[in-house]
Amino acid sequence: MMGWDWKNSVRELRPLVHLLLPLCVHWVAEEMTVSVLVDVTTGALCPGESTCSEAIYINGLQQTVVGIFKMVVLPVLGQLADEYGRKPLLIVTVSTTIVPFALLAINESKASVYAYYVLRTISYIISQGSIFCISVAYVADVVNESKRAAVISWITGLFSASHVIGNVLARFLPEDYIFEVSIALLVFGPVYMYMFLVETVKPAPRHDQHSPYLHKAFRIVEDRYKSMRHAATIVLSSPTLKGMSLVSFFYELGMSGITSVLLYYLKSAFGFNKNQFSEILMMVGIGSIVSQLLLLPLLNPLVGEKVILCTALLSSIAYALFYGLAWASWVPYLSASFGVIYVLVKPSTYAIISKASSSADQGKAQGFIAGVQSIADLLSPLAMSPLTSWFLSSDAPFNCKGFSIVCASLCMVISLCCACMLKSEALSKIDSTDNADNIEAPLLS
């Protein structure tokens, strides 16, 4: 019988409680700072001004640097999660956000904001994308394949719920206390994981523990190269994974560019502040909870991940166009309503990748495609930052302050075309039969 059993889906989540609870707290802590960061950075870098080109360019530079390093770091973290286990990698990645926010909690001066950007860039390199990739690999370890899409949608739904809670806290907490509360929640996550999270991967045995350091360093580089080559082979030999690489690249190219400039655009074009930002983000989050916890699990058995992915990509195009062509202050709220559907891009993407990968290669496949997304993160600000700054200035060639966002929507159009060309019958696993090519040696020994 094709259908969705709500009770069974909840039962599937029980082994994941000690993963989901600290992750939800972590996401709440991060989200509650998003809306206030625009005011803090703009106030420190461009005091008394509504438009801050310096903040837009710094955000673009940050995203470019993060993209450069994530191309290497994300696949490596995925491999390490397969080799050393999910738990230690999750603890490391969720811990990286604490110090940058602690700095802003102490001081919001211009120097502190610059230091924050440096530390936050390092944090993003390690944690952005990797937390979700490793979490999906953890899910693949404990959840039956037929239930993974529903469970992943529950996780992304909880992610949206965490964003709603974070935005509610940001909306009603005094600005002076937001960073302090955020830091307390950020500390809770890794401590809870260390105490309660159960490891699902047996670490590979260590060899050559007494080898010379030069030999070990050479072996580490050699093993990383072979393992990354193996990950690339897994993706490129599968029509589904190769197609999803293109879908993910173009979607991320457009959406990451929009995300990096959106709040600054709204502040400049419509005078939005922390309260309006929180309202829009809450609106998207509440709708996302419904769509990911209820809509996707109900529709997935009926239409499959591909139809859901294409529908969500179509919604993302409408989302971008309404933002870019917004003619009144209420239009961004209309645009945000499309977020209820486009948020399904991520869970459907993770589910398709997971289905097309063997259990031993979950981290490698997710990490490699996340690395492809990081290339898009690297490229998008090179165009979005100067284009946004130009059209927000008085030197714009014509009056369309959101022109850069309209341009970004073209990337989502290409992503939709690639998704439509995916073949449903290609959603099959890749069996890793050659153990010699499947590098499972530890990174450090």
Side-chain angles (χ1 to χ4, degrees), residues 15-27 29-30 66 69-100 119-120 122-143 152 155 159 183 185-209 211 213 216-217 219-221 223-224 226-228 230-231 350 354 357 359-371 374 438-445:
L16 303 175
V17 169
H18 294 313
L19 171 69
L20 297 180
L21 177 60
L23 284 183
C24 287
V25 173
H26 177 82
W27 291 329
E30 283 201 324
V66 170
F69 285 96
K70 275 174 60 182
M71 286 187 291
V72 177
V73 172
L74 266 175
V76 169
L77 289 174
Q79 294 156 19
L80 290 177
D82 286 342
E83 297 168 7
Y84 275 96
R86 321 300 188 198
K87 180 175 179 177
L89 270 296
L90 282 168
I91 291 173
V92 170
T93 51
V94 300
S95 300
T96 58
T97 314
I98 299 172
V99 176
L119 294 174
R120 189 62 170 138
I122 297 171
S123 169
Y124 274 139
I125 290 169
I126 299 172
S127 65
Q128 193 179 57
S130 60
I131 293 177
F132 224 112
C133 286
I134 299 169
S135 299
V136 170
Y138 191 99
V139 169
D141 295 336
V142 299
V143 176
I152 291 172
I155 294 175
F159 177 77
I183 292 166
L185 296 177
L186 288 170
V187 171
F188 170 84
V191 172
Y192 185 95
M193 284 183 176
Y194 179 79
M195 295 176 64
F196 299 108
L197 187 64
V198 177
E199 181 56 76
T200 58
V201 174
K202 183 179 179 181
R206 300 187 175 208
H207 304 289
D208 302 329
Q209 294 189 16
S211 300
Y213 287 108
K216 287 199 288 186
R219 185 172 56 78
I220 289 168
V221 173
D223 287 351
R224 287 309 96 206
K226 290 181 179 179
S227 193
M228 291 181 72
H230 176 64
Y350 288 128
S354 182
S357 309
S359 58
D361 295 326
Q362 290 289 325
K364 294 181 182 69
Q366 298 282 357
F368 184 88
I369 293 180
S374 71
N438 191 1
I439 307 301
E440 295 295 341
L443 179 65
L444 299 173
S445 59

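Keep in mind that this is a model prediction, so the values were computed, not measured. Heavy-atom basis, side chains included; hydrogens, waters and symmetry copies ignored.
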Requested in this report: Indicate yes or no: at least one non-hydrogen side-chain atom of Glu30 is less than 4.5 angstrom from one of Leu185.
Outcome: no

Query raised in the report: For atom CZ of Phe69, is the number of surrounding heavy atoms from other residues, nucleotides or ligands below 6.0 Å larger than 12?
Result: no

Query raised in the report: Are any non-hydrogen side-chain atoms of Arg86 and Leu19 less than 4.5 angstrom apart?
Result: no

Requested in this report: Kindly give the heavy-atom pair with the smallest separation between Tyr138 and Leu197, and that separation in Å.
Outcome: OH-CD1, 3.6 Å

**Report entry** Contact summary for Val66 and Ile125, nearest pair of heavy atoms
**Finding:** CA-CG1, 3.9 Å

Report summary line: Nearest heavy-atom approach of Leu77 to Ser130 is CD1-CB, 3.7 Å

Report task. Flag the pair Val94 / Pro22 as yes when at least one side-chain heavy-atom distance between them is below 4.5 Å, and no otherwise. Result -> no

Requested in this report: Kindly assign one of parallel, tilted or perpendicular to the pair Tyr350 and Phe132, based on the angle between their ring planes and the thresholds 30° and 60°.
Outcome: parallel

Requested in this report: Report the C-alpha distance between Ile98 and Val187 in whole Å, list the side-chain angles of each, state the deciding distance to 0.1 Å, and finish with yes or no for side-chain contact (heavy atoms from CB on, under 4.5 Å).
Outcome: CA-CA 7 Å; Ile98 299 172; Val187 171; 4.0 Å; yes

**Report entry** Atom of Thr97, atom of Pro100 and distance for their closest heavy-atom approach
**Finding:** O-CD, 3.2 Å

Report task. Determine the minimum heavy-atom distance between Lys87 and Glu199, stating which atoms define it. Result -> N-OE1, 2.9 Å

Report task. Quick one: pull up CG in Leu80 and CG in Leu89 and give me the separation to the nearest 0.5 Å. Result -> 5.5 Å

Query raised in the report: Quick one: does Phe196's side chain get under 4.5 Å of Leu21's, heavy atoms only?
Result: no

